[in-house]
> 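Following this message is one structure expressed as structure tokens.
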Amino acid sequence: MVKRNTCIFISGKGSNLKNLINKSREYNFPIKVKLVICDNIEAKGIMYAKKNSIPYLIINTKIRNFENKIINELLKRKISLICLAGYMKIISKKFIQSFKRKIINIHPSLLPKFKGLNTFARILKEKEVKTGCTVHFVNEKLDSGRIIVQKKFYIDKNDNILDLKNKTQKLEYIAFPEAIIKVFRNS
Ligand code: GAR
């Protein structure tokens, strides 16, 4: 199986990164994680890149043209898929244009519901019956690109923010790999 060079963007804990690195070890899983990009020097997730000897880049997003630096790295490594796995910085239109249909994102809600931040608090406030996660292509509008995979669960009346987060993330570890397989199935 030809494995596609993939870059994973993170900002925090990196549990999706860890899951995707593990999946990529399976011989029939279609990606190889070639690079990790992180915008937060304190992100715990960087340790998964270190542990697995995957090159990583910590980007200072306050520097002008920081995206050009990222684009150069991606081109240099012939990256064919970018996975946003808890990357909390908005990506510019120019960047999205440069990697059209090659960027996918995981979001902790059933899009188009609850785009943006603080999803779990808003889901509880709206007394939703069910929630879940979505993997979608990234386009110029926030959390609005074509949906690839969605997984859902029913909310228990006692669930708090942490419960929702844990239940959602459990589904994310299934949804993200499934979405990646789907992206490459028809290419
Ligand atoms: C994930 O739950 C993901 O859905 C969310 O950040 C978390 C990262 O967790 N993404 C967003 O909220 C994007 N708007 P992780 O660092 O443990 O993978």
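Here, residue 1 is the first one in the sequence, and each next residue gets the next number. All ligand and atom numbering here is 1-based and tracks the order in the structure. Side chains included, hydrogens not; waters and symmetry mates left out as well; all remaining heavy atoms used.
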> Relative to the heavy atoms of M88, which atoms of ligand 1 are at a distance of less than 4.0 Å?
11 (C), 12 (O), 13 (C)
> Identify the closest protein heavy atom to atom 6 (O) of ligand 1: which residue and atom is it, and at what distance?
G86 CA, 3.5 Å
> Please answer whether the main-chain N or O of F114 pairs with a side-chain N or O of H107 as donor and acceptor at a distance below 3.5 Å.
yes
> I need the minimum non-hydrogen distance between I41 and I46, along with the two atoms involved.
O-CD1, 4.0 Å
> Would E126 and R122 count as a salt bridge (charged side-chain N to carboxylate O under 4.0 Å, His left out) here? Give the steps.
CA-CA 6 Å; E126 293 297 321; R122 288 187 287 136; over 6 Å; no
> So H136 and L111, do their side chains get closer than 4.5 Å, heavy atoms only?
yes
> Starting from atom 10 (N) of ligand 1, what is the nearest protein heavy atom, named by residue and atom, and what distance separates them?
I106 O, 3.6 Å
> Taking atom types as modelled, is there a side-chain donor on N72 or R77 under 3.5 Å from an acceptor on the other?
no
> Select the closest option to atom 14 (N) of ligand 1 among H107, Q169, E172, K18, judged by heavy-atom distance.
H107
> Ignoring angles and geometry beyond distance, decide whether N105 reaches within less than 3.5 Å of ligand 1 through its nitrogen or oxygen atoms.
no
> Do other residues, nucleotides or ligands put more than 12 heavy atoms under 6.0 Å from K113 NZ?
no
> N/O of S15 under 3.5 Å from N/O of ligand 1, yes or no?
yes
> Identify the closest protein heavy atom to atom 5 (C) of ligand 1: which residue and atom is it, and at what distance?
P108 CD, 3.9 Å
> Does G14, backbone or side chain, put an N or O under 3.5 Å from an N or O of ligand 1?
yes
